[in-house]
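Only a predicted model underlies this, so the values are computations on that prediction, with no experimental measurement involved. Just so it is clear: chains get the letters A, B, ... in the order the sequence lines come, proteins before strands, and each one is counted from 1.
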There are 2 protein chains.
Amino acid sequence: MVLSFKRIERSTITEDIIEQLREKILSGEIKPGDKLPPERVLAESLSVARTSVREAIRAMQYMGILEVRCGEGTFLSENTRILTDHFKSSHLLKRFPIMELIEARKIIEGATVYLAVVRSSPEDRDTLQELYQLTATNTDDEEKFLQADFEFHKKIAEMSQNSVLLEMLSAMRELTLEENLDVIKKPGQIKNALDFHRKILGSVLSCDADKAREHMLRHLEDIEQRILELVESRPSDEESDAAGEWQR
Amino acid sequence: MVLSFKRIERSTITEDIIEQLREKILSGEIKPGDKLPPERVLAESLSVARTSVREAIRAMQYMGILEVRCGEGTFLSENTRILTDHFKSSHLLKRFPIMELIEARKIIEGATVYLAVVRSSPEDRDTLQELYQLTATNTDDEEKFLQADFEFHKKIAEMSQNSVLLEMLSAMRELTLEENLDVIKKPGQIKNALDFHRKILGSVLSCDADKAREHMLRHLEDIEQRILELVESRPSDEESDAAGEWQR
DNA sequence: TGACGGTCAGAGGTCTGACCACTGACATCA
DNA sequence: TGATGTCAGTGGTCAGACCTCTGACCGTCA
């Protein structure tokens, strides 16, 4: 005789609390900037110990969802920084080979720019043009340029109307930030990048998806090439060889 | 007379602990897969309470750096979790629409299977064949089949020799697990999936990258179609209408 | 000999209740 | 009116207790 039992799912209190908070945030019951109930109150109304509540809050704090101010209270973050913040902390353990990251970017961004052409509205394309202008006026400060540069790429991903691809792009951007900065500091690189952006923009505006993808790939291959040059020119500035294997 | 004082920076114990762990990780003193000291020991050697250690561990767990197994211990994550956890935590606040996840999968897996053909060794292809056999022998239990199914897709991603793409695939797999299970439970779906796998395998073995990509896309479009049917047959089993817009 | 179940140590999970440190607001006083 | 003191509320930290889960060891019994 074969008895069939249902698996009993056990979750930790911390998980449950995070899930409940998440729902309240999603439903709009808690809005960005709002103050959450004090830990003690939260614990009591959930019928759990304060320690459990604190672990959940701590986790969400480091995810960038909550902001904890000692003596004041716990607040829901203003939305925008949720992804990047979390990533900054975790990317300390750099692990992906830079060339693989770039290759992945080629695949993702080849797709986003293609979809962007197919799916975007004229207003979207106007915005993209404005963002291009913005990069063109930020040619003095590398960091600012890189920021504007990312806004341009991000806007394209948004125009693809696929939030997953957008998220992937943001993630990779964080992981390649350092290298991007190194590349852009090379003389002539800002102008170079701007040229590529202009070509991409042109293809998007004229709704030529294939050509847009083509220019995007050229752009990323160019970056790939520069990074390769950088890597070769300073063969190893990594110290630990044990960790070398899983450095990005 | 103007006295100038240095600002006293106060950090929380949790921050300090995270910082110390981070240094040990970066220096290679703790390697991926390693077991950390028990919470109690860690607490004692840091001269802090166990609660503080737990908060630090919990934070790093949700950052994807540590893996906590109840009754066993705390471990430093293996390489590949970072992106997955990134997605999971952003998924906490904003669920990705299922159709966008599938679309992303088409883009990623179209690339991995192509690269797999180009880059894989004969041994890799043998292994893939074995994994196909494994799926073919697990047709009775849906959960097991799904697991074997994933191993097949994962192996392809590994053969592409791009850890970033592999990681993204894993992330998406976790986010679509539920829907995959629903699809595979439909009658005839296991056989259907096996057919597609066989075709993909065939193209890989004969080193036809374009055809392999083609079959992979057909496979995923098929899944897309099934999910669409599912979604339409139960239009709204979500409760909150405020959140409706963001639910996948 | 090998499968099964009992036992136990060690690990994480949870709870309690206490006290400290910081913040903001209100009351007080010169 | 402005500086100062006070205090309640909130997060930060602690010690110690007990629970549950995991893995390993070991004896029983077919």
Side-chain angles (χ1 to χ4, degrees), chain A residues 1-3 5-21 24 30 33-78 85 89, chain B residues 3 5-21 24-25 30 32-78 81 85:
Chain A
M1 173 180 175
V2 178
L3 289 174
F5 288 101
K6 245 198 211 151
R7 253 187 79 188
I8 294 178
E9 301 280 354
R10 298 252 319 158
S11 61
T12 67
I13 303 259
T14 306
E15 280 179 278
D16 288 344
I17 298 175
I18 291 179
E19 179 57 25
Q20 285 207 38
L21 284 175
K24 292 224 181 298
I30 309 174
D34 279 5
K35 186 167 179 298
L36 267 63
E39 295 175 354
R40 290 165 176 86
V41 175
L42 215 44
E44 183 157 10
S45 55
L46 289 163
S47 301
V48 297
R50 197 178 148 211
T51 42
S52 302
V53 173
R54 281 179 60 81
E55 286 184 23
I57 288 179
R58 190 68 60 243
M60 294 179 83
Q61 177 192 357
Y62 277 86
M63 284 190 276
I65 298 173
L66 298 181
E67 196 174 322
V68 179
R69 299 184 211 137
C70 178
E72 261 192 278
T74 306
F75 302 80
L76 181 56
S77 300
E78 309 289 342
D85 240 33
S89 42
Chain B
L3 288 174
F5 288 102
K6 245 194 215 155
R7 247 188 88 186
I8 295 178
E9 299 280 353
R10 299 254 317 158
S11 62
T12 67
I13 305 256
T14 306
E15 279 179 281
D16 287 345
I17 297 175
I18 291 179
E19 187 51 38
Q20 285 207 39
L21 283 176
K24 291 219 183 300
I25 292 168
I30 310 175
D34 279 5
K35 186 166 179 300
L36 268 63
E39 296 175 352
R40 289 165 176 86
V41 175
L42 215 44
E44 184 157 10
S45 56
L46 289 163
S47 301
V48 298
R50 197 177 149 211
T51 42
S52 302
V53 172
R54 281 181 59 82
E55 286 183 23
I57 289 179
R58 190 69 60 246
M60 294 180 82
Q61 176 191 359
Y62 277 85
M63 284 190 278
I65 299 174
L66 297 181
E67 194 175 324
V68 179
R69 300 186 211 136
C70 178
E72 265 193 275
T74 305
F75 302 80
L76 182 56
S77 297
E78 300 287 346
R81 297 288 312 169
D85 284 280

Please assess A:Lys24 against A:Leu36 for the test side-chain contact (heavy atoms from CB on, under 4.5 Å), listing each intermediate value before the final yes or no.
CA-CA 11 Å; A:Lys24 292 224 181 298; A:Leu36 267 63; over 6 Å; no

NA contact type, [X], heavy-atom cut-off 4.0 Å: base, sugar-phosphate, or nothing?
{"X": "A:Arg69", "result": "sugar-phosphate"}
{"X": "A:Arg10", "result": "sugar-phosphate"}
{"X": "A:Thr51", "result": "base"}
{"X": "A:Thr12", "result": "sugar-phosphate"}

Would you find more than 12 non-hydrogen atoms of other residues, nucleotides or ligands less than 6.0 Å from B:Lys35 atom NZ?
yes

Within the supplied structure, the quantity of interest is the number of heavy atoms (other residues, nucleotides, ligands) at a distance under 6.0 Å from B:Glu44 CD; does it exceed 12?
no

Going by heavy atoms in the side chains, are [X] and [Y] under 4.5 Å from each other?
{"X": "B:Arg58", "Y": "A:Glu55", "value": "yes"}
{"X": "B:Pro32", "Y": "B:Leu76", "value": "yes"}
{"X": "B:Asp16", "Y": "B:Val48", "value": "no"}
{"X": "B:Glu15", "Y": "A:Tyr62", "value": "yes"}

Terminal axis angle for the helix from C:dT1-D:dA30 to C:dA30-D:dT1, five pairs an end, nearest 10 degrees:
0°

Per A:Ala49 side chain, nearest of listed nucleotides C:dA18, C:dT23, C:dC15:
C:dC15

Grab the [atom1]-[atom2] distance between [X] and [N] for me, whole Å please.
{"X": "B:Leu42", "N": "C:dG13", "atom1": "CG", "atom2": "P", "answer": "14 Å"}
{"X": "B:Arg58", "N": "C:dA11", "atom1": "CZ", "atom2": "C1'", "answer": "13 Å"}
{"X": "A:Arg50", "N": "C:dC20", "atom1": "CZ", "atom2": "C1'", "answer": "11 Å"}
{"X": "A:Leu46", "N": "C:dC15", "atom1": "CG", "atom2": "P", "answer": "10 Å"}
{"X": "B:Met60", "N": "C:dG12", "atom1": "CE", "atom2": "C1'", "answer": "17 Å"}
{"X": "B:Ile13", "N": "C:dC20", "atom1": "CD1", "atom2": "P", "answer": "15 Å"}

Qualifying residues under salt bridge (Lys or Arg N to Asp or Glu O under 4.0 Å), relative to B:Glu72, sequence neighbours excluded:
B:Arg69

Toward the 5' end of DNA chain C, which comes first, B:Ile57 or A:Gly71, by nearest nucleotide?
B:Ile57

Would you say the base of C:dG12 and the side-chain of B:Arg40 have a donor-acceptor pair closer than 3.5 Å?
yes

Gap between atom CD1 of B:Ile30 and atom CG of B:Leu21 - 0.5 Å precision:
5.5 Å

Looking only at side-chain N and O atoms, does B:Arg54 come under 4.0 Å of OP1 or OP2 in C:dG13?
yes

Let me know, please, whether A:Thr74 or B:Cys70 comes out on the 5' side of the other along DNA chain D by nearest nucleotide.
A:Thr74

What range of DNA chain D does chain A touch, first nucleotide to last, counting atoms under 4.0 Å from its heavy atoms?
D:dG9 to D:dC21

Name of the residue among B:Thr14, B:Leu66, B:Ile18, B:Ile65 meeting side-chain contact (heavy atoms from CB on, under 4.5 Å) with B:Ile57:
B:Leu66

